[in-house]
Participant: 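Before I ask anything, here is the structure I am working with.
We name chains A, B, ... by the order of the sequence lines, and we start the count at 1 in each one.
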Amino acid sequence: MTVKLYIDSIHDALQEEMRRDQGVFVVGEDVGVRGGVFRVTQGLIEEFGEMRVIDAPLAESAIVGVAIGAAAYGLKPVAEIQFADFILPAVNQIISEAAKMRYRSNNDWSCPLVVRAPYGGGVHGALYHSQSVEALFHHVPGLKVVMPATAADAKGLLLSAIRDPDPVLFFEHKALYRWVKDDVPDGDYTVPIGKARLVREGEDLTVITYGLMVHYAEEAARELEKEGVSIELLDLRTVSPLDREAILAAAKKTGKVLIVHEDNKTGGVGAEVSAIIAEEALFDLDAPIARLCGPDIPAMPFNPPQERFYMVNSEKIAQAMRKLAAF
Amino acid sequence: MSISLEQMKWMYATMVKIRYYEETMVTAYAEGKSPVFNIGAGPVPGEMHLAAGQEPAAVGICAHLRKEDTVTAPHRPHHHAIAKGVDLKRMTAEIFGKQSGLGKGKGGHMHLFDPEVKFSCGGIVAAGIPHAVGAALAAKMKKKDWVAVAFVGEGAANSGAFHESLNLAAVWKLPLIVVIEDNAYGISVPKKVSTAVASNVERAKGYGIPGFSVRDNDPREMYQISEQAVRHARNGEGPVLIEIETYRYLGHFQGDPELYREKNELNKLHEKDPVIRLKSLLESEGVVASDIAQLEAQVRKEVDEAYDFARKSEYPTIEEALLDVFE
């Protein structure tokens, strides 16, 4: 085990997999000489050359489309979209092409593609550098959507994603890059896609979340522990496919469920999690399912007070926990 | 084709205003961000893309525009906004995230909208080009002789939206002028790495429209070529493409280590500064030093007042974050 930053573990996964598998290559805007705007791909062009670390033109649709073609013809592309907000021009390629490649080709073709993108707000990125886009893709069968919260998961899940035979969207919260560090196993290991992680066990209520919010929920859970409320905390890790088994087990255990995400509330991942529990565990519940999410406004406002209002944080989670515990 | 003395003075004063605005922003933006750079700190949080050096592109064409003509701009928009006559106080307040800003502080510096002078900009590369095509279509349908100008960086010329927009504007013969500001880098990637042709003007042939190059960031040449382009568009003869070789003195964003630059590149650029060149031109036309100083003092005062207005303005309330979603 080595303590590593979230960003370094993503870098290491790319580097190790590129050493292991000659078919793996990186393509995206500023990923080469600059090493990515967040420096995730720093040093890769020096080691692997410009044929495997490709500085692409500003054309997201082409970046993903070319990656799909390369994936279909035997390579393992890892496309980087500079900010998750910029993925929208590529949505046609992701949803109409990548997600349907296997299904429409009688299982003859697959699309082992990874699209990485930093998402999320709270970093004063304003309208187009703050969005959470997972719900758009969560709805689409044929895509896997991974959102790691820890450095260890980031590496293990990215290795799984690259080795996965189908398209995987890999969303990295930009606030986690240089804030979170944890024990990362040395060498080669994978974390399975589609399996949630029980962060802490508790008796009084269950919090289900993913990404940056896992850390805020942990902070809030420690706070509530002092108040005598014990929290079961589930990190989904993958939002497509959801780990139904883990969701139901965690919900049934305490009978009270709080779902937390930064993305807008309406039609978010939390709505599906809530529906799964309502369909299969309604009579195990002692309280209505609660959701704490970003407000339903079109974008993250730029000015600091309204950005703070938008972002879910540990205080807001603690408040929601108290309210649900008291029900 | 010559420039009247009045026009020359306007161009000079506006270029000085832009330069001083950007230099003032360098200082304002840096407040609270040292010794450790924290993008969220200080009176102007978030990313900041400044345009010092790129003044000729904006003033050269805006000198020929009217209030009713549309301008769309990208993520580096201050010079375009100032040249188009956007309200300087409300623009600055927006950049500071204040309630008195153009977008009540929701947008920040990449998202300035002033319907009074038909100006808009946005943080997604190339996304503003089709909007300018739409404005040009609206002008044609309303039988007005208005034109629309879309400013983009050279990196945007590789996006699908660029191609789709120019083809449409050409086939519909719309009064559109696309101005490509070639500042040599798309963030860190040099033009030759991202673009298959040395000059994007060559691409004009592909749409059957006139294309013009402006070399060496020359404000006078930009003015003269823009005069032809605007006349062509206003006369209903269809779109025009202009590419100007310009330079950005500062980083892609404030805080950019600029490792991609060649040694002495900036020194060489400063030696042929367009503001100084235009000043010499004014002097050679017989404008006396005291008159030039007076022009400079006037625009600096305007800029200082705008910053003062922004600083003294209040942040919006939390409740306002929920407004303006629907009518």
Participant: For B/Phe37, is the CZ atom crowded, meaning more than 12 foreign heavy atoms sit under 6.0 Å from it?
Facilitator: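 More than 12 heavy atoms, drawn from other residues, nucleotides or ligands, come within 6.0 Å of this atom.
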Participant: Once rounded to the nearest 0.5 Å, what's the spacing between atom OG of B/Ser194 and atom CG of A/Leu58?
Facilitator: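 Going from OG on B/Ser194 over to CG on A/Leu58, the span is 6.5 Å.
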Participant: Only pairs of heavy atoms separated by less than 4.5 Å count here; which of B/Ser159, B/Gly153, B/Gly107 has the most with chain A?
Facilitator: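 Top count of heavy-atom pairs under 4.5 Å with chain A: B/Gly107.
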Participant: Does the side chain of A/Val33 come within less than 4.5 Å of B/Val189's, by heavy atoms?
Facilitator: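 The answer is no; the side chains never approach within 4.5 Å.
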Participant: About how many Å separate CD1 of B/Ile39 and NZ of A/Lys174, when rounded to the nearest 0.5 Å?
Facilitator: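 Nearest 0.5 Å value for the NZ-CD1 distance: 10.0 Å.
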Participant: So which heavy atom on A/His124 is nearest to which on B/Gly40, and how close?
Facilitator: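 What the structure gives for the nearest pair is CD2-CA, 3.0 Å.
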Participant: If you take all heavy atoms of B/Asn158 and A/Pro57, which pair is closest and at what distance?
Facilitator: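 Shortest heavy-atom contact: CB-CB, 3.7 Å.
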Participant: Under 4.5 Å from any heavy atom of chain B, what part of A/Pro295 do you find: side chain, backbone, both or neither?
Facilitator: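 Contact with chain B: side chain only.
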Participant: Kindly determine whether A/Phe86 and B/Val125 satisfy side chain to side chain contact (heavy atoms under 4.5 Å, CB included), including the steps that lead there.
Facilitator: CA-CA 9 Å; A/Phe86 305 170; B/Val125 165; over 6 Å; no
Participant: Is A/Lys316 atom NZ crowded by more than 12 heavy atoms from other residues, nucleotides or ligands, each under 6.0 Å away?
Facilitator: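 Check passes, neighbour count above 12.
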Participant: With side chain to side chain contact (heavy atoms under 4.5 Å, CB included) as the criterion, how do B/Ser188 and A/Asp30 come out once you've worked through the C-alpha distance, each side chain's angles and the decisive distance to 0.1 Å?
Facilitator: CA-CA 6 Å; B/Ser188 68; A/Asp30 300 283; 2.6 Å; yes
Participant: If you look at every heavy atom in A/Pro298 and B/Val325, which pair is closest and at what distance?
Facilitator: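 A/Pro298 and B/Val325 have their closest heavy atoms at CD-CG2, 3.8 Å.
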Participant: Among A/Pro304, A/Pro89, A/Gly32, A/Gly125, which residue has the highest count of heavy-atom pairs closer than 4.5 Å to chain B?
Facilitator: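 Of A/Pro304, A/Pro89, A/Gly32, A/Gly125, A/Pro304 has the most heavy-atom pairs under 4.5 Å with chain B.
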Participant: For B/Thr317, which atoms come within 4.5 Å of any heavy atom of chain A: side chain, backbone, both, or neither?
Facilitator: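 Contact with chain A is through the backbone of B/Thr317 alone.
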Participant: To the closest 0.5 Å, what do you measure between CD1 (B/Ile124) and CG (A/Leu88)?
Facilitator: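 Separation between the atoms: 7.0 Å.
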Participant: Go through the structure and list residues passing side chain to side chain donor-acceptor pair (under 3.5 Å) with B/Glu164, not counting sequence neighbours.
Facilitator: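 By the side chain to side chain donor-acceptor pair (under 3.5 Å) rule, B/Glu164 matches no residue at all.
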Participant: Can you tell me if B/Glu202 has over 12 outside heavy atoms packed within less than 6.0 Å of its CD?
Facilitator: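 Above 12, so yes.
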Participant: Calculate, to the nearest 0.5 Å, the distance between atoms CD and CG belonging to B/Glu94 and A/Asn303 respectively.
Facilitator: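 Output value for this atom pair is 8.0 Å.
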Participant: Using a cut-off of under 4.5 Å on heavy-atom pairs, state which of B/Leu259, B/Ile318, B/Asp256 scores highest against chain A.
Facilitator: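 The answer is B/Ile318.
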Participant: For B/Phe162, is it the side chain, the backbone, both, or neither that has a heavy atom closer than 4.5 Å to a heavy atom of chain A?
Facilitator: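 It is neither, since no heavy atom gets under 4.5 Å.
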Participant: Kindly compute the distance separating CD1 (B/Ile187) from CD (A/Gln82), expressed to the nearest 0.5 Å.
Facilitator: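 Going from the CD1 atom of B/Ile187 to the CD atom of A/Gln82 covers 4.0 Å.
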Participant: If you take all heavy atoms of B/Ala321 and A/Gln306, which pair is closest and at what distance?
Facilitator: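 Of all heavy-atom pairs spanning B/Ala321 and A/Gln306, the closest is N-NE2, 3.2 Å.
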Participant: Using a heavy-atom distance cut-off of less than 4.5 Å, which residues of residues 126-135 of chain A contact chain B?
Facilitator: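 Heavy-atom contacts from residues 126-135 of chain A to chain B are A/Ala126, A/Leu127, A/Tyr128, A/His129.
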Participant: Under 6.0 Å from the CD atom of B/Glu314, do we count more than 12 heavy atoms belonging to anything else shown?
Facilitator: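 No.
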Participant: So which atom in B/Phe96 and which in A/Phe302 form the shortest heavy-atom distance, rounded to 0.1 Å?
Facilitator: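 Heavy-atom minimum between the residues: C-CE2, 4.1 Å.
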Participant: Just verifying a value: how many Å separate A/Arg34 CZ and B/Tyr185 OH, rounded to the nearest 0.5 Å?
Facilitator: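 Interatomic distance, A/Arg34 CZ to B/Tyr185 OH, rounded to 0.5 Å: 13.0 Å.
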Participant: Between A/Glu307 and chain B, which part of the residue has a heavy atom less than 4.5 Å away: side chain, backbone, both or neither?
Facilitator: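 Answer is neither: A/Glu307 stays 4.5 Å or more from chain B.
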